[in-house]
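These notes are about the structure you will find just below.
Treat the numbers as computed from the prediction; the structure is a model and nothing was measured. The figures that follow rest on heavy atoms only: side chains count, while hydrogens, waters and symmetry mates do not.
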Amino acid sequence: MYALVGVSAELAEQLVAIETGGDDAVHQARTRVRRLRSILSVYGKAFERDARHRMRDRLKRLGTRLGTARDAEVRARDLEGLLDADSPPDVVDAVEALTADARAEYDRAHEALLRHLGGRAHRQLMADLQRFAADPPLTKAGRGHPRRVTRKALAKAGARVHRATGSSLAERHETRKAARRLRYGAEAVVDDLGREAVRVAAAAEAVQDALGDHRDLVLLARHLRDNAAKRTLTPAAATGIALLATECESRAQELLAGLDEKLAAIEM
């Protein structure tokens with residue numbers, strides 16, 4: 001139901017891939033955790049409250065561990081992407097130093113994650129999740145009127161996206177999270193709702209992607225400025241870092257073009 005079995009199995013596969021050095025495994029595992037938590041959030045009325053809350057909270061803790069590693073991984077990748085063949089040597093040295101710090105942060109987070117994945121608490125979570133997915137603790141409405149619950153829940157999730165809109169970075173982050181929940185909720189019921197769910201998921205994904213890329217660039221610019229202020233840089237490096245930060249902010253602003261239209265496309 002709600003693709004719980006399939007997503008749970010995918011999560012288990014990606015967690016094993018983390019332990020065996022699989023490419024992009026941390027990212028993929030984090031995405032599966034977010035999918036599961038979104039399903040339990042959007043379709044909360046279908047599940048018994050206490051059981052749902054307990055599972056969401058446990059998944060959140062796993063997601064936090066994955067997120068710590070993934071955020072450092074993304075930061076290192078994005079910093080590397082700032083350099084090209086024409087970058088001045090002083091700027092290259094400064095950015096490479098920041099990249100090395102991000103990689104070291106990732107290595108520490110990854111090692112801590114591996115220790116957790118090998119522990120008893122994690123094995124218990126995965127066993128409990130498998131049982132939860134195979135035999136979900138459904139409410140009377142979830143058992144008797146699943147289609148009605150699904151439609152009402154998806155409509156509410158769409159309305160939450162519009163209620164969460166704002167112009168600050170924090171407000172846009174809330175909009176993005178609401179769009180992500182809607183997307184994953186819709187994708188979980190494609191087999192039941194067909195084209196309607198596909199349309200809603202695509203519209204929500206467009207908002208999620210635009211605001212996600214916007215946030216990444218804004219945070220990258222802040223990271224550049226903050227770390228430049230803490231380091232002893234040559235004048236050329238300081239100027240170059242400031243220019244890179246400004247470019248990130250400009251690219252972030254460009255991503256907001258058409259956001260209102262993307263939001264308007266989310267209609268239930």
Side-chain angles (χ1 to χ4, degrees), residues 1-77 101-139 142-143 153 157 173-174 176-185 187-189 208 212 215-216 219:
M1 185 175 188
Y2 297 121
L4 287 174
V5 171
V7 179
S8 298
E10 291 172 2
L11 172 60
E13 291 174 2
Q14 293 302 326
L15 291 170
V16 170
I18 291 174
E19 297 183 279
T20 57
D23 288 341
D24 204 33
V26 172
H27 176 212
Q28 294 303 324
R30 187 191 198 187
T31 297
R32 269 55 179 195
V33 168
R34 285 174 164 174
R35 282 186 182 277
L36 289 167
R37 296 191 73 247
S38 294
I39 291 167
L40 295 177
S41 175
V42 172
Y43 304 113
K45 295 293 185 182
F47 302 97
E48 292 180 1
R49 184 177 182 276
D50 290 346
R52 174 175 63 91
H53 280 308
R54 283 195 300 271
M55 184 53 68
R56 285 196 81 238
D57 287 346
R58 294 171 72 187
L59 288 169
K60 182 179 181 179
R61 291 193 289 272
L62 174 59
T64 298
R65 293 177 184 275
L66 292 164
T68 300
R70 175 58 180 169
D71 289 347
E73 185 178 37
V74 169
R75 189 177 302 117
R77 179 203 67 194
D101 287 347
R103 287 199 188 111
E105 182 182 349
Y106 169 76
D107 289 341
R108 290 190 296 271
H110 191 263
E111 289 174 4
L113 177 60
L114 289 176
R115 288 194 298 271
H116 174 73
L117 295 182
R120 179 178 178 182
H122 174 70
R123 292 195 298 272
Q124 187 63 57
L125 167 61
M126 296 309 295
D128 291 345
L129 176 60
Q130 185 179 25
R131 285 191 290 269
F132 187 104
D135 186 19
L138 299 177
T139 60
R143 290 191 303 271
H173 188 44
E174 292 304 311
R176 181 200 177 197
K177 290 193 293 184
R180 185 177 65 210
R181 283 192 295 270
L182 175 62
R183 172 195 170 186
Y184 291 159
E187 289 177 346
V189 295
Q208 176 193 350
R215 180 177 176 81
D216 287 347
L219 293 180

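If you check the side chains of R32 and Q28, you find a donor sitting under 3.5 Å from an acceptor. Residues H27 and D24 have side chains that bring a donor and an acceptor to within less than 3.5 angstrom of each other.
Residues forming a salt bridge (charged side-chain N to carboxylate O under 4.0 Å, His left out) with E174 (at least two apart in sequence, or on another chain): K177. R75 is linked by a salt bridge (charged side-chain N to carboxylate O under 4.0 Å, His left out) to E105, counting only residues two or more places apart in sequence or in another chain.
For the side-chain hydrogen bond (donor to acceptor under 3.5 Å, both in side chains) criterion with Q208, the lone passing option out of R180, R181, R183, R176 is R183.
Side-chain contact between D107 and H110 is absent, with no heavy-atom pair separated by less than 4.5 Å. Side-chain atoms of L129 and L11, non-hydrogen and from C-beta on, do get closer than 4.5 Å to each other. At least one side-chain heavy atom of F47 sits less than 4.5 Å from a side-chain heavy atom of L4. T31 places a side-chain heavy atom less than 4.5 Å from the side chain of Y184.
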Between R131 and D135, does a side-chain contact (heavy atoms from CB on, under 4.5 Å) hold up when you go through it step by step? CA-CA 6 Å; R131 285 191 290 269; D135 186 19; over 6 Å; no
For E19 and L114: C-alpha separation, side-chain torsions, deciding distance, then whether side-chain contact (heavy atoms from CB on, under 4.5 Å) applies. CA-CA 6 Å; E19 297 183 279; L114 289 176; 4.1 Å; yes
Check residues 55-73 and write down every donor-acceptor pair under 3.5 Å in which the side-chain atom is one partner and the other belongs to a residue at least two apart or another chain.
residue: R56; atom: NE; partner: R37; partner atom: O; Å: 3.0
residue: R58; atom: NH1; partner: D128; partner atom: OD2; Å: 2.9
residue: R58; atom: NH2; partner: D128; partner atom: OD2; Å: 3.0
residue: T64; atom: OG1; partner: K60; partner atom: O; Å: 3.0
residue: R65; atom: NE; partner: H116; partner atom: ND1; Å: 3.4
residue: T68; atom: OG1; partner: T64; partner atom: O; Å: 3.0
residue: R70; atom: NH1; partner: E73; partner atom: OE1; Å: 3.1
residue: D71; atom: OD1; partner: R30; partner atom: NH1; Å: 3.2
residue: D71; atom: OD1; partner: R30; partner atom: NH2; Å: 3.4

